Amino acid sequence: MTARLSVAQGTALSIGAVLGTGLISMPALAAAAAGPAALLAWLALILLSAPLAWTFAALGARYPDGGGVATYAGMAFGRRAAAAVGWCFYFAVPLGTPVAASFVGGYVAGAIGGGRVTEFLTFLGVVATAYGMNWFGLRISGRVQLVLTGTLAVLLVVTVIAALPHLERSNLTPFRPHGWSGVGAAAAILVWGFAGWEALSSLSAEYRDPRRDVPRATMLAVAVVGVLYLAVAAVSVLALGPALAHSRAPLADLLAIGVGGPVRAVTAVVAVVLTLGAVNAYYAGTSRLGVALARDGALPARVFGGRRRSLTFIFVTSIGCTLLPLTVSQAALLVTGCFTLVYVIGTAAALRLLPRGWSRVVAGVAFVAVCGLLWLNGWPALLSLGFAVGALVYQVVADRYGRKRPHLPAEPIPVTV
């Protein structure tokens with residue numbers, strides 16, 4: 001396909017990759033971990049976004065390729081490193097799906113009642129719909145995804161404006177009820193809301209002029225995402241106060257105090273549509289990732305060697321993950337640990353692939369920062385390391401026993417703009 005992404009289109013897609021459904025509940029989870037000091041964690045993640053996004057943009061501008069981080073890991077460290085990245089992402093998605101669905105479930109339960117039962121039924125409805133759409137090959141087009149992202153952005157702006165008259169400075173005290181460790185815990189959780197910068201490198205091949213347009217689109221996306229995130233986080237803390245930490249639907253609560261009326265029903269509908277779009281996109285991309293990993297000998301072909309087989313594994317595992325004795329925060333930390341390890345490997349690859357100069361310096365800053373985030377993640381980071389080790393062990397065993405790689409057809413993911 002002829003590359004045809006403009007800077008404006010690339011900026012919109014990049015914003016959509018990062019500005020996801022996590023924001024509908026992330027302010028509450030961060031406040032529960034750190035209190036008002038969660039604002040420091042938001043600010044830290046926003047500042048980290050600039051070097052991290054720039055690093056992936058530099059890789060994309062220099063090596064335009066749809067494979068993204070896995071491609072760069074393979075170029076820098078070999079196919080086993082690429083498989084480790086693939087495993088971390090692939091197996092994190094089924095664990096992350098119940099977390100994303102629990103976010104939207106809180107909005108639906110707030111609108112119609114029913115508590116945990118409503119939340120679980122919402123989860124089943126979302127994942128079953130996404131599974132059915134992907135089974136029959138139905139896709140939400142790039143234009144529709146951009147409309148969904150624009151809807152979320154408008155909702156955020158309206159929420160911030162509506163909450164402004166209700167801000168209370170007294171809600172900033174006590175500022176650090178859980179100390180600095182709480183700020184670190186909040187930062188680890190918030191990685192969920194900032195995951196997506198790696199998509200910049202995957203989109204790079206679609207730009208008209210990658211070397212010129214990718215950096216421009218990246219910096220515009222960082223600015224827009226940073227402003228929206230910090231604005232929503234600040235008004236959430238200042239308007240809701242201690243109640244924020246216990247809120248299941250913070251955006252709905254903010255609109256309720258700022259606008260009134262049937263806002264909970266409106267935000268519930270928006271949250272469901274946004275979550276369905278996100279889960280559909282993740283199921284589509286991840287099911288094909290499983291096929292690619294099986295084709296390259298990084299996963300057993302009998303289980304993953306077909307789009308529908310891979311899709312069914314993700315769907316069934318997603319439902320199974322709801323039975324795990326984990327809180328939403330614990331599950332989110334397990335997933336963000338996997339995303340963070342992908343960032344560690346990706347920035348490490350950048351240090352080997354980028355030429356000497358400012359780009360490599362920025363990559364070094366990003367590498368140190370994401371290593372720090374992986375440490376802050378705590379014990380949940382062991383899951384990501386377990387996936388990486390599992391990928392390496394599987395390939396070593398497969399190579400030792402001389403298994404031939406299956407010749408499975410590639411299933412590329414089309415990009416619709």
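All figures in this text were calculated on a predicted structure; none of them were measured in a lab. Numbers here are sequence positions counted from 1.
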task: Any chance you could measure Arg288, atom CZ, to Leu293, atom CG, to the nearest 0.5 Å?
output: 14.0 Å

- line: Partner of Tyr343 under ring pair (Phe, Tyr, Trp, His ring centres under 6.0 Å), picked from Tyr72, Trp197, Phe56, is Phe56

task: Could you pull out all residues at least two apart from Ser247 that satisfy side chain to side chain donor-acceptor pair (under 3.5 Å)?
output: Asp253

message: Checking Leu48 against Leu373 for the side-chain contact (heavy atoms from CB on, under 4.5 Å) test, could you report, in this order, the C-alpha distance in whole Å, the side-chain angles of both residues, the deciding distance, and whether it holds?
response: CA-CA 10 Å; Leu48 168 61; Leu373 282 177; 3.2 Å; yes

field: Polar side-chain atom of Arg309 near backbone of Arg302 as donor-acceptor pair, under 3.5 Å
entry: yes

Selection residues 369-383 - residue pairs positive for side chain to side chain donor-acceptor pair (under 3.5 Å), sequence neighbours left out: Thr336-Asn377

message: Going by side chain to side chain donor-acceptor pair (under 3.5 Å), name the pairs with one or both residues in residues 90-106, residues two or more places apart or in two chains.
response: Tyr90-Ser310

task: Kindly indicate whether the side chain of Leu167, heavy atoms from C-beta on, has any atom under 4.5 Å from the side chain of Leu164.
output: yes

task: Identify the two heavy atoms, one from Leu341 and one from Ala388, that lie closest to each other, and give their separation to 0.1 Å.
output: CD2-CB, 3.9 Å

- request: Please identify each residue that fulfils ring pair (Phe, Tyr, Trp, His ring centres under 6.0 Å) with Tyr107, with sequence neighbours left out.
  value: none

query: Sequence neighbours excluded, which residues qualify as side chain to side chain donor-acceptor pair (under 3.5 Å) partners of Thr55?
result: none

- prompt: Which pair of non-hydrogen atoms, one from Arg248 and one from Val328, has the smallest distance, and what is that distance?
  reply: NH1-CG2, 4.5 Å

message: A side-chain contact here means heavy atoms from C-beta on lying under 4.5 Å apart; do Val232 and Leu251 qualify?
response: yes

query: Can you list the residues that meet the side chain to side chain donor-acceptor pair (under 3.5 Å) rule with Thr267, with sequence neighbours excluded?
result: none

Leu238 CG to His166 NE2 distance, which is reported to the nearest 0.5 Å: 13.0 Å

task: Using a 4.5 Å cut-off on heavy atoms from C-beta on, say whether the side chain of Trp42 contacts that of Met26.
output: yes

query: Where is the tightest heavy-atom contact between Leu354 and Ala363, given as atom of each residue plus distance?
result: CD1-CB, 4.2 Å

- request: Locate the shortest heavy-atom distance separating Pro177 from Pro36; write the atom from each residue and the value.
  value: CD-CD, 4.1 Å

query: Trp192 pairs by side chain to side chain contact (heavy atoms under 4.5 Å, CB included) with which of Val335, Leu333, Leu29?
result: Val335

- prompt: Parallel, tilted or perpendicular: which describes the rings of Phe89 and Tyr282, with under 30° parallel and over 60° perpendicular?
  reply: parallel

task: Look only at the side chain of Tyr63 and the backbone of Leu353, and say whether a donor-acceptor pair between them is shorter than 3.5 Å.
output: yes

query: Just by modelled atom types, is the Ala284 backbone N or O under 3.5 Å from a matching donor or acceptor in the Ser287 side chain?
result: yes

message: With a 4.5 Å cut-off on side-chain heavy atoms, are Leu172 and Leu39 touching?
response: yes

task: Taking Arg308 for its side chain and Trp135 for its backbone only, find out whether a donor-acceptor pair lies under 3.5 Å.
output: yes

message: What's the separation between atom CZ in Phe120 and atom OG1 in Thr122, rounded to the nearest 0.5 Å?
response: 10.5 Å

message: Using the rule given for side-chain contact (heavy atoms from CB on, under 4.5 Å), can you reason through Asn171 versus Leu240, listing the C-alpha separation, both sets of side-chain angles and the distance that settles it, and then say yes or no?
response: CA-CA 8 Å; Asn171 286 328; Leu240 296 179; over 6 Å; no

- prompt: Do the side chain of Trp87 and the main chain of Ala298 share a donor and acceptor less than 3.5 angstrom apart?
  reply: yes

message: Assess the residue pair Thr322 and Phe123 against the criterion (side-chain contact (heavy atoms from CB on, under 4.5 Å)); give the C-alpha distance rounded to whole Å, side-chain angles, the decisive distance to 0.1 Å, and a yes or no.
response: CA-CA 9 Å; Thr322 63; Phe123 159 74; 3.3 Å; yes

message: What verdict does the side-chain contact (heavy atoms from CB on, under 4.5 Å) test give for Val225 and Leu228, after you've listed the backbone C-alpha separation in whole Å, the side-chain angles of each residue and the deciding distance to 0.1 Å?
response: CA-CA 5 Å; Val225 169; Leu228 286 176; over 6 Å; no

field: Which residues share a ring pair (Phe, Tyr, Trp, His ring centres under 6.0 Å) with Phe367, sequence neighbours left out
entry: none

- request: May I ask you to decide if Ala348's main-chain N or O and Arg352's side chain share a donor-acceptor pair within less than 3.5 Å?
  value: no

task: Provide the closest heavy-atom pair for Ser384 versus Leu374 in the form atom of the first, atom of the second, distance.
output: OG-CD1, 4.2 Å

- line: Residues at least two apart in sequence or cross-chain that pass side chain to side chain contact (heavy atoms under 4.5 Å, CB included) with Leu392, listed by chain then number, are Arg80

message: Which residues pass the side chain to side chain contact (heavy atoms under 4.5 Å, CB included) test with Ala256, not counting sequence neighbours?
response: Val263, Arg264

task: Please name the residue in the list Asn134, Thr129, Thr275 that meets the side-chain hydrogen bond (donor to acceptor under 3.5 Å, both in side chains) test with Asn280.
output: Asn134

Separation of Leu95 CG from Gln330 CD (nearest 0.5 Å): 11.0 Å

- request: Not counting sequence neighbours, which residues clear side chain to side chain donor-acceptor pair (under 3.5 Å) with Arg62? List them please.
  value: none

query: What do the steps show when you test Ser318 against Tyr131 for side-chain hydrogen bond (donor to acceptor under 3.5 Å, both in side chains), and what is the final call?
result: CA-CA 11 Å; Ser318 296; Tyr131 177 71; over 6 Å; no

- prompt: Got a second to check how far Cys88's SG is from Leu385's CG, nearest 0.5 Å?
  reply: 7.5 Å

Ala30 to Ala186 - nearest heavy-atom pair and separation: O-CB, 3.8 Å

message: Please enumerate all residues that pass side chain to side chain contact (heavy atoms under 4.5 Å, CB included) together with Ile161, with sequence neighbours excluded.
response: Val157

Atom pair CG/CG of Leu334 and Leu382 - distance to nearest 0.5 Å: 9.5 Å

message: Among residues at least two apart in sequence or on other chains, which ones pass ring pair (Phe, Tyr, Trp, His ring centres under 6.0 Å) with Phe194?
response: Tyr229

- prompt: Hey, are the side chains of Leu383 and Pro380 touching, using non-hydrogen atoms and a 4.5 Å cut-off?
  reply: no

query: Distance-only, no hydrogens or angles: does the Arg176 side chain make a donor-acceptor pair with backbone N or O of Val183 under 3.5 Å?
result: no

